[in-house]
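Contents: one structure, followed by commentary.
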Amino acid sequence: MSTPAVIWDPPTLPVRDGRSFPLRHVWCVGRNYADHAREMGIDPDRSPPVFFSKPAQAMIHADRVVYPPDTEELHHEVELVVFLDGGGRNLSAEAAEAVIFGYAVGIDLTRRDVQARAKKAGQPWEMSKGFDQSAPVGLVVPARDWRPDTDAAISLAVDDQMRQSARLGEMIWTVPELLAELSKTVTLNPGDAVFTGTPAGVAALRPGQRVRAHVAGLPPLALEIVSD
Ligand code: MN
């Protein structure tokens, strides 16, 4: 057996039952609520899901997030996040549902000014999405204990003021449908996490603000934006 050239441990997230979830890759969908697509200037009826990714090191479970460099417009996007304990290619929606390990509420933090400049210049907008601490998530709850319900509220408040508020049933693509679509393009694997899109109301955050993200039935994610 050969000696590995480097030794590292994957980033892990806490699961509510005391276990840890080792992260492999973080996938995201760019638009999955019609009202958010409209606020971004896109016709939701003619838009297939757009996928992108963040590095696993971007995902953290923490009560503070450092305001990132190179932006004056750090936007919040509250999202339901799905964690996989199986995978595959070209999964049916039924097969995709069977590889879901659990769920958490998360925030897809976005350097919106960086993204807007990149879009305008026809350049990749990876660095607007995949920076350090750009994917804070709450405790992971196993799927045996919680499943998304169309009536479940998803919301985000900043300093106790509601900014985003919707129901999971407003998703254009359901969670299994999203996973099935994504698996047409890439192989899904155990350890993958998938952000499932944000409703309308995305807006800028400043250092010192307290953010509370919530999906009904899941542990809330509460954090403060700090300057360093
Ligand atoms: Mn997002």
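Note that ligands are numbered from 1 as they come in the structure, with each ligand's atoms numbered from 1 the same way. Here, residue 1 is the first one in the sequence, and each next residue gets the next number.
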Salt-bridge present (Lys184, Glu181; N to O < 4.0 Å) =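 Counted as a salt bridge, because a side-chain N and a carboxylate O are separated by less than 4.0 Å.
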With a 4.0 Å cut-off, would you call Asp160 and Arg210 a salt bridge?
->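 So Asp160 pairs with Arg210 through a salt bridge.
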When rounded to the nearest 0.5 angstrom, what distance separates OG1 in Thr198 from CE in Met171?
->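 The OG1 atom of Thr198 sits 9.5 Å away from the CE atom of Met171.
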If you round to the nearest 0.5 Å, how far is CG of Leu218 from CZ of Arg16?
->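 Between atom CZ of Arg16 and atom CG of Leu218 there are 7.5 Å.
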What is the name of the N/O/S atom of [X] that is nearest to the Mn ion (ligand 1)?
X      : value
Glu79  : OE2
Asp108 : OD2
Glu77  : OE1

